[in-house]
Number of protein chains: 2
Amino acid sequence: MDLIRIYQCFCDRTRLRILHLLARSPLCVCHFQDILGEPQVKVSKHLSYLRSRGMVTATRHQNWMIYSLPNKRSRELEANLKCLQDCVQSDSMFARDLRKLARLCQNCCEPASVFATNKRL
Amino acid sequence: MDLIRIYQCFCDRTRLRILHLLARSPLCVCHFQDILGEPQVKVSKHLSYLRSRGMVTATRHQNWMIYSLPNKRSRELEANLKCLQDCVQSDSMFARDLRKLARLCQNCCEPASVFATNKRL
DNA sequence: TGACTATATTCCTATTTGGGAATATAGATT
DNA sequence: AATCTATATTCCCAAATAGGAATATAGTCA
């Protein structure tokens with residue numbers, strides 16, 4: 001994963017919010033739709049952009065595609081994800097995203113079992 | 001200086017090399033031409049891109065435009081410049097840029113007085 | 001099978017980006 | 001004034017990006 005590619009992935013607000021959320025938990029497309037308040041096509045396209053550049057991985061689970069950060073991460077990616085956490089501390093939008101994520105998890109179940117049922121999450 | 005804008009500035013290789021060099025020393029356009037081996041128009045345009053986004057400042061000194069990182073830097077910019085230094089440690093191109101910069105400084109004079117003369121640097 | 005759900009893709013458009021050739025500009029030097 | 005030097009800008013063009021509307025696909029469920 002080369003450095004430029006990381007910055008290219010980071011340089012759009014929607015993608016940055018997605019990555020910031022994925023640093024907390026694997027999520028499916030509809031989670032992003034809910035949390036970001038963006039239309040499906042937009043979310044889906046940014047995820048596919050990130051995926052094509054190796055920035056996220058995806059696995060299907062029944063009807064849902066579960067997106068995660070890759071297990072093996074380069075030093076550069078680690079460093080930049082950490083830096084992002086730092087930078088985002090005082091930003092209200094990113095904070096709101098995290099609050100919404102927390103609420104979602106409350107509403108359904110534990111992160112680990114989020115995808116264990118085929119009901120609308 | 002907002003976060004997205006930082007990543008937009010960082011997401012081109014030439015700009016990244018420029019910023020990496022500027023983290024060491026203020027430089028003029030012909031320095032960049034020499035070190036990066038890129039044509040004047042390319043260097044100049046990327047500098048003007050960076051400048052228009054507040055990522056660098058420029059002052060004229062006789063015939064030369066001296067580019068620097070801004071004196072006052074946001075937490076985000078500081079963090080990302082630091083992260084960049086980290087990430088770039090093992091990259092041969094960035095290392096080579098620094099060696100060329102060192103050689104340039106040897107050839108002319110101290111950083112502080114680099115621009116004190118109107119001879120070709 | 002047929003309907004439903006979650007997601008991806010295609011087609012379209014507008015905007016931005018990156019780069020080169022040529023030209024313009026501003027200050028220095030003669 | 002004429003020239004030179006360093007730099008910026010303009011005019012191109014090709015490619016990438018971002019986004020929406022509409023449609024396709026894959027899995028699920030009745």
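We name chains A, B, ... by the order of the sequence lines, and we start the count at 1 in each one.
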- Query: Heavy-atom contacts under 4.0 Å between residues 36-45 of chain B and DNA chain D, which residues?
  - Reply: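 Close to the strand are Q40(B), V41(B), S44(B), K45(B).
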Give the rounded distance in Å between these two atoms: [atom1] of [X] and [atom2] of [N].
| X | N | atom1 | atom2 | answer |
| --- | --- | --- | --- | --- |
| L16(A) | dA18(D) | CG | P | 12 Å |
| F10(A) | dT17(D) | CZ | P | 16 Å |
| N63(B) | dA6(D) | CG | P | 7 Å |
| L27(A) | dA6(C) | CG | P | 15 Å |
| I4(A) | dA16(D) | CD1 | P | 16 Å |
| L47(B) | dT7(D) | CG | P | 10 Å |
| R13(A) | dG19(D) | CZ | C1' | 16 Å |
| Q33(B) | dA6(D) | CD | P | 9 Å |

- Message: Any base atoms under 4.0 Å from R15(B), or only sugar-phosphate, or nothing? Heavy atoms, all strands.
- Response: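 Touches sugar-phosphate only.
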- Task: Just call it for F32(B): base, sugar-phosphate, or nothing, with non-hydrogen atoms closer than 4.0 Å on any strand.
- Result: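 Nothing, no nucleic acid heavy atom in range.
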- Spell out, yes or no, whether V41(A) and L47(A) are grouped together once hydrophobic residues are joined by side-chain heavy atoms under 4.5 Å, including indirect joins. no
- Does one hydrophobic cluster hold both M93(B) and V43(B), with members joined at side-chain heavy-atom distances below 4.5 Å?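 No: no chain of side-chain contacts under 4.5 Å links M93(B) to V43(B).
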Between [X] and [N], is there a contact of a side-chain N or O with OP1 or OP2 at under 4.0 Å?
| X | N | value |
| --- | --- | --- |
| Y49(A) | dA8(C) | no |
| R53(A) | dT17(D) | yes |
| H61(B) | dA6(D) | no |
| H31(A) | dA6(C) | no |

Tell me, do [X] and [Y] make a side-chain contact under 4.5 Å, heavy atoms counted?
| X | Y | result |
| --- | --- | --- |
| K100(B) | D34(B) | no |
| L21(B) | Y67(B) | no |
| Y49(A) | C9(A) | yes |
| L22(B) | L50(B) | no |

- Return the minimal non-hydrogen interatomic distance between L69(A) and T57(A), and the atom names on each side.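 So the minimum-distance heavy-atom pair works out to O-OG1, 4.2 Å.
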- So, for T14(B) and K42(B), which heavy atoms are closest and what is the spacing to 0.1 Å? OG1-CE, 3.5 Å
- Message: Judged by each residue's nearest nucleotide on DNA chain D, which is more toward the 5′ side, R60(B) or D12(A)?
- Response: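 Its nearest nucleotide being more 5', the pick is R60(B).
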- Query: Hey, which of these two, Y67(B) or Q8(A), hits DNA chain D nearer its 5' end, going by closest nucleotide?
  - Reply: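 Its nearest nucleotide lies further toward 5', so the answer is Y67(B).
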- Determine the sole option in D91(B), I35(B), V88(B) for which the side chain to side chain contact (heavy atoms under 4.5 Å, CB included) test with D97(B) is passed.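 Of all the options given, the one that passes is I35(B).
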- Bend of the helix from dT1(C)-dA30(D) to dT30(C)-dA1(D) from end-axis comparison, five pairs per end, nearest 10°, comes to 0°
- Item | All pairs passing ring pair (Phe, Tyr, Trp, His ring centres under 6.0 Å) where residues 70-91 of chain A contributes a residue, at least two apart | none
